[in-house]
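The structure displayed is predicted, hence computed values, not measured ones. Sequence lines set the chain letters: A, B, ... in the order given, protein chains first and strands last, and positions in each chain run from 1.
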Amino acid sequence: MKNRLKVLRAERDWTQADLADALQVSRQTINAIEKGKFDPSLPLAFKAARLFELSIEDIFHDEVAS
Amino acid sequence: MKEETTETGFDTRYLKNNIRLLCWIFAWVGTMVLVDKAELYEWYSSDYISMAGIVINAGIGLGMIVTFMRYLREVDELQRKIQLDALALSMGVGLVGSFTYSLLVTAQFVTDNEVSDIIMLMTFTYMVGIIVGQVRYR
């Protein structure tokens, strides 16, 4: 699954640590999600969507569908 | 974009929880091996000391279980996945290893029947699993 977390984070000038703090996860988790090594759970995806005030589909993309 | 290396409050808490859990694991494995070897090589003759050693080991084991449950509740989903993968690997190796060991004893290829060897194998495999997981999702 691809995502735009890195781009969205850069637009806000946030570090991975800032985003990790906001989502209550480790920086390692944010790094793994950004690199596409780890897919977040639905609650975490919703949390990220709420934080960026976007829909889940605006942040995460299914590679098979695209 | 800002510097990426800053640790979060979550990371600090996670590190502390890791150290606390490792202390419990090492204490339990250490007392297990110690009690086992003490019994095997008859370091002492008193039954009271033997029983005290076993009770202390079991108590530390219970403490380790409670600490591990608390640890799993507090980690995030990536760490939970790493833990699950490592536990699955450790349990699989422990299960297969203990049955293989048992067959070797039955076939008299091995004369010793040491439970602590299996515990050490499982602990080692668990630690390898954790390291592999941490490297994979670094």
Side-chain angles (χ1 to χ4, degrees), chain A, chain B residues 1-26 64 66-92 123-138:
Chain A
M1 191 163 64
K2 285 185 177 177
N3 65 79
R4 294 178 55 229
L5 274 189
K6 194 172 181 176
V7 175
L8 293 168
R9 186 167 62 72
E11 285 171 2
R12 287 154 182 82
D13 200 25
W14 289 349
T15 63
Q16 286 185 340
D18 293 334
L19 182 56
D21 262 340
L23 296 177
Q24 295 274 292
V25 294
S26 64
R27 195 187 63 79
Q28 185 187 13
T29 301
I30 298 298
N31 190 49
I33 294 171
E34 282 187 359
K35 286 183 175 173
K37 290 180 181 176
F38 175 69
D39 292 333
S41 67
L42 207 48
L44 184 57
F46 271 115
K47 217 170 174 178
R50 270 198 303 274
L51 181 72
F52 289 115
E53 294 175 332
L54 294 166
S55 67
I56 288 181
E57 293 86 349
D58 290 334
I59 304 174
F60 300 98
H61 309 277
D62 185 6
E63 279 175 289
V64 178
S66 56
Chain B
M1 202 182 305
K2 284 188 194 170
E3 179 62 39
E4 305 282 15
T5 53
T6 319
E7 294 299 306
T8 65
F10 188 93
D11 290 323
T12 311
R13 201 169 65 239
Y14 172 66
L15 183 69
K16 278 183 189 171
N17 285 343
N18 259 331
I19 292 169
R20 188 182 301 134
L21 180 63
L22 272 177
C23 287
W24 276 100
I25 291 171
F26 279 118
M64 183 186 69
V66 171
T67 307
F68 191 64
M69 286 166 69
R70 193 178 299 159
Y71 173 84
L72 282 180
R73 270 199 303 270
E74 288 184 11
V75 293
D76 69 3
E77 52 195 69
L78 175 62
Q79 294 306 326
R80 214 168 284 142
K81 177 176 167 42
I82 292 172
Q83 288 291 333
L84 184 68
D85 289 350
L87 285 170
L89 179 71
S90 169
M91 195 185 150
T123 307
F124 177 74
T125 317
Y126 169 73
M127 286 170 75
V128 168
I130 293 292
I131 291 166
V132 167
Q134 295 293 350
V135 170
R136 184 187 295 159
Y137 297 109
R138 193 169 45 184

Atom group of A:Q24 that falls short of 4.5 Å from chain B, counting heavy atoms: backbone
Does any N or O in the side chain of A:N31 come within less than 3.5 Å of the main-chain N or O of B:R138, such that one atom is a donor and the other an acceptor? yes
From the list B:K81, B:E77, B:R80, side-chain contact (heavy atoms from CB on, under 4.5 Å) with A:S41 holds only for B:E77
For atom CZ of A:R12, is the number of surrounding heavy atoms from other residues, nucleotides or ligands below 6.0 Å larger than 12? yes
Note: A:A32 and B:L78 closest approach over all heavy atoms is CB-CD2, 4.0 Å
Under 4.5 Å to a heavy atom of chain B? For A:P43 that would be neither
Value rounded to 0.5 Å, distance of CZ in A:F38 from CD1 in B:I82: 8.5 Å
How about NZ on A:K37, more than 12 heavy atoms from neighbouring residues, nucleotides or ligands closer than 6.0 Å, or not? yes
Counting only heavy atoms not in B:M127, do more than 12 fall under 6.0 Å of its CE? no
